[in-house]
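The next block holds one structure in the form of structure tokens; read it before the comments.
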Amino acid sequence: MKPSNKIMEKRTFHECRDKTILKPCTFMTTILLLMSFQFHSGASFQSTTLTTQFKHNVPSYSTPLLASLEENYSNTDVDTIQAEEARRRALALKHSTNTKQSPTQSTTANNNQRPPPEWKFFDTARLHVTAGGGGNGCVSFRREKGEAMGGPNGGRGGSGGSIYFVADKQLNTLAGLRSRIHVRAAGGKNGTGKNRDGSHGDDVLVRVPCGTIVRELHSQKVAGELRGDGEVLMVARGGRGGRGNAAFMTHRRTAPKFSERGEPGAERWLSVELRLVADVGFLGMPNAGKSTLLSVASAAKPKIANYPFTTITPNLGVCDLGQESSGLVLCDIPGLIEGASQGTGLGFSFLRHVQRCKVLLHVVDGTSEDPIRDFNILNGELKAYDEMLGKKPQVVVLNKVDIPEVREKEEQLMEQLREAAGHSRVMKISAATTENVQELMSRLKKFVEAEKMRTLEETGGVEADVIMAEVDLSKAALDSDSDDYGESFASLEFIKFRLDTASHPSNLMEFNLLEIISDPAYPGQWRVKGPYIEQVAKMTHWEYPEAVERFGRQLQALGIADELIARGAMDGDLVMIDQYDFDFSPGMTNPYIPKDLLEKDALYEEQTMKKEQGPRGMLLDTTGDDDDVPWTPFRKGGYMLMDKDEIVEFNDDGEWDLLEDDFDFSQEFVDGDEVWTS
Ligand SMILES: Nc1nc2c(ncn2[C@@H]2O[C@H](COP(=O)(O)OP(=O)(O)OP(=O)(O)O)[C@@H](O)[C@H]2O)c(=O)[nH]1
Ligand SMILES: [Mg+2]
């Protein structure tokens, strides 16, 4: 259809609308109503009132079934029906050619008009999720009057909020995800002194309809499927909080001056697809009476009208079969026509919603010129679309047998249908008069139950259409403890293996791949790439020399340092990882740390070493083998009550650091004191 034609049709619609308003009886009603309105409210005559009145004159297809039938058959205002039909067709065309376009962007007859509610049905969406990052760990030391060398008491950062999908039976469209493309969870708060951990970021729950399949966008791997109401799937895990310096205290390192940064939250693009979950999926040519059947068999109120493509989005309904059995979930989808597999009409865009159904109900229009031909065409199209769908068990109904012409030839048609279908599950019904509908529903129920049992037996207890998860989205961005990593032999082997195969391009997408890039044009410069080592770098507090050293040890443990040496790296070369640059040296120092700070640090180390040998203070029991002697962190004259976080009888006044967050800097500090913060 050319655009100009569409405009023509819309004009016709307007003209018809005007005609409807100006019909003499309608006009009189309008005047009368307006007069009474004026009488009550004293309001002046306004054109908006006319529009409101017009709405009451448009035939309402959501009225009870028989009323709507009567209206359709007795309505002589052909123009109105045609105009409505034209609007529907334009809409159908738009849907089939550009399903991605937002309804609000489309041109409608009147821009101020709200789009019809069915336009808000979406069964696919893309979503970007970012879980909250963990809070940073804190570097802090207990410091009280007369207790200058308290132990480390920096708390851990809180973990970031995760993002979950939750199935909600109240929903049946993904429209909610269209209006909110980026979903973020809050980050954890930083840890503080006095061993106080930061609070956790709140999790975010994204409600989706039952039958939602979640995939990772770039790989299209299935992450999971939410079927039953209340099922939950984690799609992005919040980052762990970084450990505070208290966590790094060992009997050798009694005053760790570093902490960890929080782990970044996982972040990814997802593609989400909805496949409605129903027991019976309706199938049939347009106008066959599928929606009418749904409306009489369930409490659903789908649109019903005497023109093709009345239904443009799937409708769900539950048929109540009394107390003995659970209801039967029915799914009515838009009509299919010849050539649907090539995209004619609404195409097969909605067939995914009957893929999950146990049974298909093929509704044949008895008033059609050749019902048997219709039946065969549709089955052919179905097979062309999906072999499995073509093989799905069907029940066939011949509809509209209340119409005399159909009644006359019903037996003959039934016989032909049985023959064409190759089975005897064929019934005649009249959806309009509800003839045989109850019988059909109870038979369907039995058939669905039998089918469920059969598939369970065939698959050995596993539901046939369960979609297996191929990727785990609940993994943290950094999924193993960085400190333990180097000690784990298995992990080390794994990393080494990746290193060996790093040059192999097929491994480029692997999580733990490490790549070392150097360019002869820039000798002495190395870039190390790899998700794991980049995450470790992100969690390192580069402000703390000890943290930098620890990072150096991790490089060593992961085999990266050896690999660099093997490739010719020398001390002092520049190594770049993510956004961090270092001098390559056994200690891995950070070039951005001011020299005098490093010197102070060295001095401090020296002093502590001296203190370790002295009689008092925060000292270690270094006698004997570490493993044999139970750890006694403080010598006589100074000890820590861990549970009360109190240090008693500590009378060495060292002057090296702080930190209490409620500490009064102005009083206790003298110039030249060194302050470490997280
Ligand atoms: N006489 C009679 N009319 C019926 C019967 N079932 C449906 N109709 C009429 O047939 C027309 C089409 O019915 P729908 O239920 O909208 O048909 P559909 O299959 O949902 O059509 P699409 O949504 O366009 O695919 C309406 O005018 C109904 O009133 C029936 O059993 N007897
Ligand atoms: Mg319909």
Side-chain angles (χ1 to χ4, degrees), residues 59-75 78 80-82 84-93 95-96 116 118 121 276 280-298 300-317 330-338 340 344-351 353-354 360-368 371 374-375 377-378 381 396-410 413 427-441:
S60 164
Y61 298 116
S62 54
T63 48
L65 169 76
L66 289 175
S68 92
L69 277 178
E70 206 176 293
E71 205 170 352
N72 286 335
Y73 285 98
S74 64
N75 198 340
V78 180
T80 314
I81 293 178
Q82 280 178 350
E84 185 71 8
E85 187 174 338
R87 193 175 72 85
R88 285 282 163 203
R89 284 200 178 148
L91 205 148
L93 191 84
H95 243 282
S96 63
E118 59 268 31
F121 179 89
L276 292 173
V280 182
F282 291 4
L283 199 74
M285 291 271 177
N287 239 9
K290 299 178 293 298
S291 305
T292 312
L293 181 58
L294 180 76
S295 75
V296 293
S298 74
K301 299 260 178 291
K303 273 197 176 176
I304 296 163
N306 194 13
Y307 52 80
F309 298 117
T310 315
T311 306
I312 53 169
T313 60
N315 298 306
L316 280 182
L330 311 170
C331 177
D332 164 37
I333 60 163
L336 298 170
I337 52 173
E338 187 169 8
T344 318
L346 288 181
F348 279 133
S349 36
F350 295 100
L351 264 185
H353 299 294
V354 293
L360 297 179
L361 182 74
H362 197 143
V363 183
V364 181
D365 186 352
T367 58
S368 154
D374 288 355
F375 177 76
I377 287 176
L378 223 65
E381 293 285 346
V396 185
V397 287
L398 177 68
N399 191 24
K400 306 193 185 178
V401 290
D402 59 305
I403 296 175
E405 298 93 81
V406 184
R407 186 75 80 189
E408 273 171 24
K409 51 180 183 179
E410 70 177 32
L413 284 175
M427 279 183 80
K428 52 186 178 188
I429 61 160
S430 163
T433 62
T434 71
E435 180 186 330
N436 250 355
V437 171
Q438 205 169 358
E439 174 68 16
L440 170 70
M441 289 300 142

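The structure presented is a predicted model; accordingly, all values stated were derived computationally and were not measured. Ligands are counted one by one from 1 in listed order, and the atoms in each one are counted from 1 as well.
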*Heteroatom test (N, O or S) for N315 near the Mg ion (ligand 2), limit 2.8 Å*: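 No, outside the cut-off.
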*Return yes when at least one N/O/S atom of N287 is nearer than 2.8 Å to the Mg ion (ligand 2), and no when none is.*
no
_Heavy-atom side-chain proximity of L293 to L361 below 4.5 angstrom_ = yes
*N287 side chain reached by N306 side chain, heavy atoms, under 4.5 Å*: yes
What atoms of ligand 1 come within less than 4.0 Å of a heavy atom belonging to [X]?
| X | result |
| --- | --- |
| F309 | 24 (O) |
| Y307 | 24 (O) |
| T292 | 6 (N), 7 (C), 13 (O), 14 (P), 15 (O), 28 (C) |

*Measure from atom 32 (N) of ligand 1 to every heavy atom in T433, T311, D402 and give the option owning the shortest one.*
D402
Check each heavy atom of [X] against ligand 1 and say whether those closer than 4.0 Å belong to the side chain, the backbone, both or neither.
| X | result |
| --- | --- |
| D332 | neither |
| P308 | backbone |
| A305 | backbone |

Going by distance only, is there an N or O of [X] that falls short of 3.5 Å from an N or O of ligand 1?
| X | answer |
| --- | --- |
| I304 | no |
| N287 | yes |
| A431 | yes |
| A288 | yes |
| G335 | yes |
| I403 | no |

*asked:* Consider side-chain contact (heavy atoms from CB on, under 4.5 Å). Of L294, L330, D332, which one does V280 pass it with?
replied: L330
*asked:* If only side-chain N and O atoms count, and only distance matters, is there a donor-acceptor pair under 3.5 Å linking D365 with N399?
replied: no
*Does a donor on one side chain sit under 3.5 Å from an acceptor on the other, for D374 and S368?*
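Yes, because at least one side-chain N or O of D374 sits under 3.5 Å from a partner of the opposite role on S368.
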For the atom pair [atom1] ([X]) and [atom2] ([Y]), what is the distance rounded to the nearest 0.5 Å?
| X | Y | atom1 | atom2 | answer |
| --- | --- | --- | --- | --- |
| L378 | L283 | CG | CG | 5.0 Å |
| T292 | K303 | OG1 | NZ | 14.0 Å |
| I337 | F309 | CD1 | CZ | 4.0 Å |

*Counting only N and O atoms by type, is there a donor-acceptor contact under 3.5 Å from the side chain of S430 to the main-chain atoms of E435?*
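Flag not set: sc S430 to bb E435 has no pair under 3.5 Å.
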_Backbone N/O of M285 and side chain of K290: donor-acceptor pair under 3.5 Å_ =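 Present.
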*Contact between F282 and ligand 1, counting heavy atoms under 4.0 Å?*
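In this structure, F282 fails to qualify as a contact of ligand 1 - no heavy atom is under 4.0 Å.
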